[in-house]
Amino acid sequence: MNIEITYCREWNYKPEADRVSAEIKQAFGIDVVLVPGSGGVFDVKKDGELIFSSQGCGRFPGKDEIVSFLTS
């Protein structure tokens, strides 16, 4: 399983990316690739497929929400 988080560097979304990355690391023991982006992006992809977009949802993922997506 390959997980990639693209986060907006301009709006300092890195702390959120770090949080979600740590949750995934704790749950699955895998390292997440963090990709700096722009334009308010906060996207999470699993094996290249978009599984969460803050722009689509209008929010950041909640605690362990991404872990829940990955286990279902």
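Atom set for the values below is all heavy atoms of this structure, side chains included, hydrogens, waters and symmetry mates excluded.
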statement: Taken in chain and number order and not counting sequence neighbours, the residues that satisfy side chain to side chain donor-acceptor pair (under 3.5 Å) with S53 are D43
Note, [X] side chain near [Y] side chain (heavy atom, < 4.5 Å):
| X | Y | value |
| --- | --- | --- |
| V44 | V32 | no |
| M1 | K46 | yes |
| D31 | K25 | yes |
| V35 | Y7 | no |

- prompt: Among all residues two or more places apart in sequence or in another chain, which pass the ring-ring contact (aromatic ring centres under 6.0 Å, His included) test with F52?
  reply: none
field: Test ring-ring contact (aromatic ring centres under 6.0 Å, His included) applied to F60 - qualifying residues, sequence neighbours left out
entry: Y13, F42
task: Under the side chain to side chain contact (heavy atoms under 4.5 Å, CB included) rule, what do V33 and N2 come out as? Steps first, then yes or no, please.
output: CA-CA 8 Å; V33 176; N2 296 308; over 6 Å; no
Going from [atom1] on [X] to [atom2] on [Y], what distance comes out if it is rounded to the nearest 0.5 angstrom?
| X | Y | atom1 | atom2 | value |
| --- | --- | --- | --- | --- |
| S68 | K63 | OG | NZ | 12.0 Å |
| K45 | T6 | NZ | OG1 | 5.5 Å |
| I30 | I24 | CD1 | CD1 | 6.5 Å |

- request: Check whether more than 12 heavy atoms from other residues, nucleotides or ligands sit under 6.0 Å from atom CZ of R59, and answer yes or no.
  value: yes
- prompt: Do NZ/NE/NH1/NH2 and the carboxylate oxygens of R19 and E23 come within less than 4.0 Å?
  reply: yes
Flag, side chain of T71 to backbone of V67, donor-acceptor distance under 3.5 Å: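 Side chain of T71 to backbone of V67: a pair is present.
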query: Would you say the side-chain atoms of E65 pair up with the backbone N or O of V20, donor to acceptor, closer than 3.5 Å?
result: no
- prompt: L50, L70: one ILVMFWY side-chain cluster at the under-4.5 Å cut-off?
  reply: no
query: Should L34 and W11 be counted in the same cluster of Ile, Leu, Val, Met, Phe, Trp and Tyr side chains packed under 4.5 Å apart?
result: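 Yes, it is one cluster - the side chains of L34 and W11 are joined through contacts under 4.5 Å.
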query: Any idea which heavy atoms bring G40 and C8 closest together, and the distance?
result: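 In this case the closest contact between G40 and C8 is N-SG, 3.3 Å.
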- request: Show the numbers, then the answer: is there a side chain to side chain contact (heavy atoms under 4.5 Å, CB included) between I3 and D47?
  value: CA-CA 6 Å; I3 307 297; D47 298 328; over 6 Å; no
